[in-house]
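Structure first, commentary second.
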Amino acid sequence: MSTPKIFLLLLVCGLFVACGQDGPPPPPAMAPLSDMPLIPLPVEMADAEGALFIDLDAPSEWSEETIDARALAYLRENLPATGFPLTTEIDASLELPAGSYLLNVRPDGVSISAADADGVLNGAITLEQVMAFAGDSERGIFLPCGTITDMPRFAYRGFMLDVARHFMGMDTLKATIDRIARYKVNFLHLHLTDDQGWRIEIKSWPKLTEVGGLTEVDGTPGGFYTQEEYREIIDYAAARGMTVVPEVDMPGHTNAAIVAYPELNGTDKPAKPHFGTEVGFSTFNTDSDLTYQFIDDVVREIAEMTPGPYFHIGGDESHVTDHEDYVRFINEVQQIVERHNKQNVGWDEVASSNLANGTVVQLWAHPEYALRAKQNGNQVLMSPANRTYLDMQYDSTSRIGLHWAAYIEVDSAYLWDPAAIAEGVEDADILGVEAPLWSETVRSLEDIDYLVFPRLPALAEVAWTPQRQREWEDFKRRLAAHQEWLKSMGIGTYDTRVLK
Ligand code: ACM
């Protein structure tokens with residue numbers, strides 16, 4: 001062997017030994033990217049050779065110069081290690097639906113590209129799951145290489161929290177937002193008012209919270225959000241990819257407002273605080289100018305604080321409002337909301353009025369109203385109670401929850417198609433899917449965890465992944481991994497019998 005050759009051989013051996021000591025350890029036997037238990041299931045996953053080693057102790061070199069600021073903050077808060085190269089790019093020329101992304105894992109780093117900032121954040125949320133489920137060794141985490149190309153089936157993937165029946169404080173609300181962000185939920189609907197309590201400060205009508213904020217189901221002390229707190233929630237949710245949709249339910253479900261201001265009462269019975277769970281006994285006076293002045297003030301104050309496009313006007317279960325009065329009322333309120341530059345959302349009964357152009361009809365019980373909405377050119381938000389209501393019990397042994405719509409085990413939450421709920425209402429007519437959590441029996445974060453998990457991951461996949469790609473046995477495989485992950489984060493997910 002000539003001297004140069006020996007020299008080269010020694011050099012290569014030296015490099016090899018150096019790699020063995022200081023470089024990445026050899027990757028363990030590892031599942032490919034396409035087998036990772038991701039929820040919601042991405043549209044496309046292509047595997048590539050090799051792995052990216054992430055040293056748990058390597059310092060992060062990330063900065064806002066190469067990573068979108070919101071994704072950077074999200075990942076810093078949620079990843080176990082950030083010592084690897086990451087770049088994100090927003091390329092508006094990518095012709096993909098809002099929220100779509102491409103995630104590329106190579107031996108030398110990770111990149112996320114998207115047409116918008118929501119897409120970058122969705123890619124970051126997928127990266128969080130990829131890291132959570134990747135193989136690890138004592139020194140670090142190995143990510144299998146490959147590319148994920150992903151886009152949502154529906155633009156609106158929502159969760160609703162009823163903070164009226166039982167008030168949920170700021171810490172509980174923020175913890176809930178943290179939990180659901182991991183499943184690419186992008187709308188947080190807050191049911192802010194109901195018969196039992198009023199939860200949002202309105203400066204021009206202060207007794208709403210001074211009186212209406214004090215009560216809740218069972219007679220325990222209620223509570224309310226100040227306007228500063230409401231703004232804080234909006235920012236907190238936005239940092240995790242969620243737009244807040246405020247709801248003021250009317251003309252029924254208004255007892256708490258009427259206790260505070262009896263002049264709004266449309267019944268001849270004097271209102272008194274309501275601690276029970278019955279519905280359908282209250283109504284605003286739909287004939288009075290004062291009522292519309294009140295609504296204008298409430299909508300104005302809330303709309304001014306709310307950057308998102310939607311204002312939810314409720315409209316459900318107005319059993320003591322004369323139908324003609326109901327129709328006139330909903331027509332008028334839709335116009336008030338539009339004057340404050342918001343798009344209306346209403347529970348499906350609002351389709352019995354004259355729908356304004358942009359009004360979104362949220363199906364919960366009446367498929368015929370969803371069809372009417374479609375025929376009128378309005379979009380439908382799918383929340384069929386027997387599939388999506390997270391306050392329904394899993395089965396008769398569930399420690400909390402109701403069952404008037406159904407018992408909903410995880411298979412029932414997963415095995416349905418939003419385009420098969422109301423005949424004639426198809427994907428193009430559907431804005432999205434929302435999972436509501438009503439709080440008659442829900443008092444704490446522990447209660448929220450028990451009812452929301454693991455059904456929310458199932459419903460998040462219903463809203464995100466194309467119907468033809470969803471498969472129950474494969475979902476169960478992935479869900480088993482998520483149950484462990486959720487528990488490892490201290491989330492009290494329900495031990496569902498579908499995995500036993
Ligand atoms: C509803 O469950 N009353 C919308």
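Both counts, for ligands and for their atoms, begin at 1 and track the order of listing.
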### Message
Nearest 0.5 angstrom please: Glu324 CD to Thr286 OG1, how far?
### Response
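Atom-to-atom, Glu324:CD and Thr286:OG1 are 10.5 Å apart.
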### Query
Would a line drawn from the ring center of Tyr414 to the ring center of Trp472 be shorter than 6.0 Å?
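Yes, the ring centres sit under 6.0 Å apart.
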### Task
Please identify each residue that fulfils side chain to side chain contact (heavy atoms under 4.5 Å, CB included) with Thr215, with sequence neighbours left out.
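Side chain to side chain contact (heavy atoms under 4.5 Å, CB included) check on Thr215 returns Pro273, Phe275.
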#### Entry: Neighbouring protein residues of ligand 1 - any heavy atom closer than 4.0 Å
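Answer by chain and number: Asp316, Glu317, Trp347, Trp364, Tyr389, Trp438.
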#### Entry: Val380 and its side chain to side chain contact (heavy atoms under 4.5 Å, CB included) partner, picked from Val360, Leu363, Ile421
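Of all the options given, the one that passes is Leu363.
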### Arg387 and Asp417 ion-paired at < 4.0 Å
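Salt bridge flag = no for Asp417 with Arg387.
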#### Entry: Enclosure of Glu278 CD (heavy-atom neighbours >12, cutoff 6.0 Å)
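Check passes, neighbour count above 12.
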